[in-house]
Colleague: 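What follows is a single structure, and I will ask about it in a moment.
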Amino acid sequence: MNTLLEVSGVSVSFDGFKAINNLSIQIAERELRAVIGPNGAGKTTFMDIVTGKTRPDEGRVIWGEKSVSLLSMSESQIARAGIGRKFQKPTIFEDQSVRDNIAMALKNPRGPFDVLFFRERPADAARIDEIAGEIGLSGEMARPAGELSHGQKQWLEIGMLLAQDPRLLLVDEPAAGMTPAEREHTTDLLKRAAETRAVVVIEHDMEFVRRLNCKVTVLHEGSVLAEGSLDHVTKNQHVIDVYLGR
Amino acid sequence: MRKPFILRHPSVLWFLLALSLLTLGVTILSEGFGLGLISTSFVKTLGKTLCLCLIAVAMDVVWGYCGILSLGHFAFFGIGGYAIGMWLMYARTEQIVAASLSGGPLPPTPQEVTDAVGTQIFGVVGSSEIPLLWSFADSLALQLAMVVLVPGLLALVFGWLAFRSRVTGVYLSILTQAMTLALSLYLFQNDSGLRGNNGLSGLQNIPGYEAVPQSVVAIVFFWASALALGAGYVLFAWVVSGKMGGVIRAIRDNEARVRFLGYDVESYKLFVFTLTAIVAGIAGALYYPQAGIVNPAEIAPIASIYLAVWVAIGGRGRLYGAVIGAAFVSLLSSWFTGGGAPDVPLGFYTIQWTDWWLVLLGLSFVAVTLFFPKGIGGLFDRLVRNPR
Ligand SMILES: Nc1ncnc2c1ncn2[C@@H]1O[C@H](COP(=O)(O)OP(=O)(O)O)[C@@H](O)[C@H]1O
Ligand SMILES: [Mg+2]
């Protein structure tokens, strides 16, 4: 399969501390990938680098069939290029309605004047309803997003990502703080999303990763420790040491 | 199928209705067109208040909706005043000079008129030359264009530099304040070309309309101010409604997240900052002819801070809140500082409101911030909207 995202030889340090150390990861088109690793392994920082929030000290981040470098692009340009991101802690716009949150994320021209003169077309409304159904929030459309439960907020944020229609979706610990039933719904959502686009999921919970049933990358101290199927990596002696040796 | 914007926002209609009734009432009671029950100077005060309401609405959009605490919008207001003031002063002086020179045996040459105008206007700062800044001062159309262009361009350049460098929060406030201070210090200089601390005066006299009594001029400016406030209110209500309003408020609440949605946050901020600066300039251009004088003290940073206080007291993030705050606090302020409020003798000490008003205002600001973060407009909300 074609490579969609190629991160190679990337390093970044904060005040002398190397959070990411010569990291290389490749994500293929329509791939579902889980990234695991102990706390502080650099998982979130990896997403920060891909989405333009953090600039690496060295290395390359190459995107798409035209092989453009993401390092010279702003966060919003990267997002428009087709990379969507869900944060560890749900970040939605609490004083706006669920529907407005989805509508804001919906793939449409993003310039100030496009937005100022924007009029919703029937196709937009249909897409919003479709997404709301998918994330199970059809009945909550008019409510302020701040009133949702924690799990619902996480789904709303995933729904906003789907609305953006990105080619690559980066999801940081989506199941944190969810009940088992909510986790299951989240797994289904992500697996379905990965049918039409690449999805990278950071997760701690092994059960969750097992259900995703996909290739796993183990990060440790800012670089890749092991990569392969979940069974393969959990048999890896380095991985066992890192996880059990703590 | 889709109702027009105004009908979808009944609060805009209510506002326009209230403004129309006020305008009608003031006209009927005025000396210029009505019963003469309210003085011309009070009509001017009310007209000026409407201009302050307009800049407060602009401030609410940039701060209350977009989260940019600009402490520079009064600078744009002042620039609007200077731009129109230059024409008012130049055109009127030119008429006076032409009239006094026409007594001679020969009609005055254009050069003689220009020299005399220069001496008249710039004599106070020890100069008689007309500075380059005044090149277009004889053209009303060009000076009117400057009311819009100068604040707009200044905001565009300043905002571009500041937003592009991701200056936010209190640092941005300090930067806007520095801009205001720099402008006011520049204007204070005698060789600024704008008459230093004398400012521009006699602005209440409209060239070509000397025969029209001030009572009528006052009402005409009151109407113009009401029209500008109404139009500005509708414009901003439209901007902050719908999708644009959603994005702007989202930038206020979490601008990083908005970037990851693919919106270029900087251009949105620039749009809002520049649009509100232009409206502030227009408000100033209507205000100063009613005040009669514009000087650098008007642009001092404290004025922009007052503006923020009005909006906070009125209630951020709701346009009528800004109007209420500006009208209420500025009228109260002129009542207190104008000696309207009776002194309070405490026996050992007498509270003189001219001195203590600022303390009272400061305390109210603190109280509102702590206990009523939604301001006066928040009380309104409770009355108007059905409680949830
Ligand atoms: N902006 C930052 N400034 C300083 N240190 C940071 C910053 N971001 C992350 N770090 C550090 O980098 C390491 C990796 O963090 P992170 O990527 O959040 O780990 P993970 O998501 O895998 O738990 C941690 O030790 C963290 O403290
Ligand atoms: Mg993390």
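Just so it is clear: chains get the letters A, B, ... in the order the sequence lines come, proteins before strands, and each one is counted from 1.
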Colleague: When the ring planes of B:F271 and A:F113 are compared, do they come out parallel, tilted or perpendicular, using 30° and 60° as the limits?
Modeller: perpendicular
Colleague: Using non-hydrogen atoms and a 4.5 Å limit, figure out which bit of B:V265 sits close to chain A: side chain, backbone, both or neither.
Modeller: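 For B:V265, neither part sits under 4.5 Å from chain A.
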Colleague: Can you list the residues of residues 63-74 of chain A that sit under 4.5 Å from chain B, counting heavy atoms only?
Modeller: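 Checking residues 63-74 of chain A against chain B gives no residue, so none.
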Colleague: Under 4.5 Å, counting heavy-atom pairs only, tell me which of B:S267, B:G245, B:G242, B:G262 racks up the most with chain A.
Modeller: B:G262
Colleague: Can you name the one residue among A:E75, A:R80, A:Q164 that meets side-chain contact (heavy atoms from CB on, under 4.5 Å) with B:L261?
Modeller: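 Testing B:L261 for a side-chain contact (heavy atoms from CB on, under 4.5 Å) against A:E75, A:R80, A:Q164 leaves exactly one candidate, A:Q164.
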Colleague: From B:I248 CD1 over to A:L116 CG, what is the distance, rounded to the nearest 0.5 angstrom?
Modeller: 8.0 Å
Colleague: Counting heavy-atom pairs under 4.5 Å to chain B, which of A:P112, A:A79, A:P166, A:G111 comes out on top?
Modeller: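 Between A:P112, A:A79, A:P166, A:G111, the count favours A:P112.
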Colleague: Hey, can you pull the donor-acceptor pairs under 3.5 Å for the side chains in residues 40-52 of chain A, sequence neighbours left out?
Modeller:
{"unit_1": "A:K43", "atom_1": "NZ", "unit_2": "A:G37", "atom_2": "O", "d": "2.9"}
{"unit_1": "A:K43", "atom_1": "NZ", "unit_2": "A:P38", "atom_2": "O", "d": "3.2"}
{"unit_1": "A:T44", "atom_1": "OG1", "unit_2": "A:Q88", "atom_2": "OE1", "d": "3.1"}
{"unit_1": "A:T44", "atom_1": "OG1", "unit_2": "A:D172", "atom_2": "OD2", "d": "2.9"}
{"unit_1": "A:D48", "atom_1": "OD1", "unit_2": "A:R85", "atom_2": "NH1", "d": "2.8"}
{"unit_1": "A:D48", "atom_1": "OD1", "unit_2": "A:R85", "atom_2": "NH2", "d": "2.6"}
{"unit_1": "A:T51", "atom_1": "OG1", "unit_2": "A:M47", "atom_2": "O", "d": "2.7"}
{"unit_1": "A:T51", "atom_1": "OG1", "unit_2": "A:D48", "atom_2": "O", "d": "3.4"}
{"unit_1": "A:T51", "atom_1": "OG1", "unit_2": "A:R85", "atom_2": "NH1", "d": "3.0"}

Colleague: Does anything in residues 98-110 of chain A get under 4.5 Å of chain B by heavy atoms, and if so which residues?
Modeller: A:A103, A:M104, A:A105, A:N108, A:R110
Colleague: Can you find a pair of side-chain heavy atoms, one from A:T91 and one from B:F260, that are under 4.5 Å apart?
Modeller: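 A:T91 vs B:F260: side chains apart.
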Colleague: Can you tell me which of B:D253, B:D264, B:V272 forms the most heavy-atom pairs within a distance under 4.5 Å of chain A?
Modeller: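 Among the listed options, the one with the most contacts to chain A is B:D264.
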Colleague: Counting only heavy atoms not in B:Y171, do more than 12 sit closer than 6.0 Å to its OH atom?
Modeller: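 No, OH of B:Y171 has 12 or fewer neighbouring heavy atoms, counting only those of other groups under 6.0 Å.
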Colleague: How about CZ on A:R127, more than 12 heavy atoms from neighbouring residues, nucleotides or ligands closer than 6.0 Å, or not?
Modeller: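 Above 12, so yes.
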Colleague: What residue in B:K243, B:R257, B:M244 has the most heavy-atom pairs under 4.5 Å with chain A?
Modeller: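 It is B:R257.
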Colleague: In a table with atom names and distances, give each donor-acceptor pair under 3.5 Å that connects a side chain of residues 50-64 of chain B to protein atoms at least two apart or in another chain.
Modeller:
{"unit_1": "B:D60", "atom_1": "OD1", "unit_2": "B:G317", "atom_2": "N", "d": "2.8"}
{"unit_1": "B:D60", "atom_1": "OD2", "unit_2": "B:R318", "atom_2": "N", "d": "3.2"}

Colleague: Has B:W238 got more than 12 heavy atoms of other residues, nucleotides or ligands less than 6.0 Å from its CH2?
Modeller: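 Result for CH2/B:W238: enclosed.
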